[in-house]
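Just below is one structure, and these are the notes that go with it.
Everything numeric in this text was worked out from a predicted model, so none of it was measured.
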2 protein chains.
Amino acid sequence: MKSIGEAAAESGVSAKMIRHYESIGLVDAQRAANNYRTYGKDEVAVLRFIRHARALGFPLEDVRRLLDLWRDRNRASAEVKRLALDHVATLEAKADSLRAMATSLRHLAAHCHGDARPDCPIIAELEKKD
Amino acid sequence: MKSIGEAAAESGVSAKMIRHYESIGLVDAQRAANNYRTYGKDEVAVLRFIRHARALGFPLEDVRRLLDLWRDRNRASAEVKRLALDHVATLEAKADSLRAMATSLRHLAAHCHGDARPDCPIIAELEKKD
DNA sequence: GTGGGGCTTCCCAATATGGGAAGGTCAAGG
DNA sequence: CCTTGACCTTCCCATATTGGGAAGCCCCAC
């Protein structure tokens, strides 16, 4: 049985986050006689799973569903796939939005002298009346 | 002189946000005898400026600097340009990060049957040991 | 038995936006 | 004159995720 520090080192999830995930019901922890949390291999595997899902940008509520599906041996892979593709759509929408901002701003900046003079199309765009 | 509701309608910034921007010192408001906030054309122009900057993804701290530069008639456009291009870099980094997640996940999903069977490469990836 | 490192809980911080309650103000209309 | 409704005020709370830090307990090594 590992302490929270060991579980953190093994799973790559900070102790702080492990406690947080427990507080929102994503992970379980046994308690030793001294009230310290203890973790077995299963819990560490859950933590690693969460870390991987987070690395793919899944919000914690999605992670919760993924964990449920993971534990469900009778899951339909269709459900996992739907969850994943919905998330992909969300990611791509956000990426598109950010890239659109970047492109607009880059165009504006391209026309800015960028010297000591005050006039600047970026500022001009921001102060437009529409 | 406009009320906060009128300033909101004219600027496209919600009354809630106008109050918030005031609380963090981005905007100023005069008070009428009844303690209601009042706004002139200048303040509405500031609010519009903020909305445009936010639409380009500038965080409020950047907006604060942009407002200072806007008000400074002796500004060097180089400063505005640097701020903008730094922000563009941030936006593109985030967009790239999101797109990388989307691409990985899309590849995983492409190999998922997506039927009633439980086995799924997405889940398999998440439970990997590394 | 003391020091240090790890553990506990609890509060606060950041981001930006909004919901909603409780109460003040004002104009219109019965 | 009084009510009603629309607008304003302030204050608290919520969202999502991660971290910093304090105060205090636990245990091992020296």
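- For the ring-ring contact (aromatic ring centres under 6.0 Å, His included) condition, the pairs that include at least one residue of residues 71-100 of chain B, sequence neighbours left out, are B:Phe58-B:His87.
- With sequence neighbours excluded, the residues forming a side chain to side chain contact (heavy atoms under 4.5 Å, CB included) with B:Arg82 are B:Glu79, B:Asp86, listed by chain and number.
- A sub-4.0 Å separation between OP1 or OP2 of D:dT18 and a side-chain N or O of A:Ser14 is absent.
- Judged as a ring pair (Phe, Tyr, Trp, His ring centres under 6.0 Å), and not counting sequence neighbours, A:His52 has no contacts.
- The nearest whole Å value for the distance from the CZ atom in B:Arg51 to the C1' atom in C:dT17 is 16 Å.
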* Structure fact -> Nucleotide by nucleotide, nucleotides 6-17 of chain D touches protein heavy atoms under 4.0 Å in the pattern (B base, S sugar-phosphate only, - none) -BSBB------S

Every protein N/O within reach of nucleotides 28-30 of chain D N/O, cut-off under 3.5 Å:
none

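- Residues forming a ring pair (Phe, Tyr, Trp, His ring centres under 6.0 Å) with B:Phe49 (at least two apart in sequence, or on another chain): B:Trp70.
- With sequence neighbours excluded, no residue forms a side-chain hydrogen bond (donor to acceptor under 3.5 Å, both in side chains) with A:Arg54.
- With P as the reference atom, D:dC13 and C:dC12 are 11 Å apart, rounded to whole Å.
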* Taking Watson-Crick and G-U wobble pairs with both distances under 3.5 Å, convert DNA chain D into its dot-bracket string, 5' to 3', dots for unpaired and | for cross-strand pairs. => |||||||||||||||..|||||||||||||

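- Classification of A:Arg65 and A:Asp62 as a salt-bridged pair holds, one side-chain N sitting under 4.0 Å from a carboxylate O.
- The ring pair (Phe, Tyr, Trp, His ring centres under 6.0 Å) test applied to B:His20 returns no partner, not counting sequence neighbours.
- Scored by the side-chain hydrogen bond (donor to acceptor under 3.5 Å, both in side chains) test, B:Arg99 finds A:Asp96 as partners (sequence neighbours excluded).
- The separation of D:dC12 from C:dA13, taken at their P atoms, amounts to 14 Å, rounded to a whole angstrom.
- Not a single ring pair (Phe, Tyr, Trp, His ring centres under 6.0 Å) links A:Tyr39 to another residue, sequence neighbours left out.
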Would you give me the side-chain donor-acceptor pairs under 3.5 Å for residues 111-124 of chain B, sequence neighbours excluded?
| unit_1 | atom_1 | unit_2 | atom_2 | d |
| --- | --- | --- | --- | --- |
| B:His113 | NE2 | B:Asp119 | OD2 | 3.4 |
| B:Asp115 | OD1 | A:Ser77 | OG | 3.4 |
| B:Asp115 | OD1 | B:Arg117 | N | 2.9 |
| B:Asp115 | OD2 | B:Arg117 | NE | 2.9 |
| B:Asp115 | OD2 | B:Arg117 | NH2 | 2.7 |

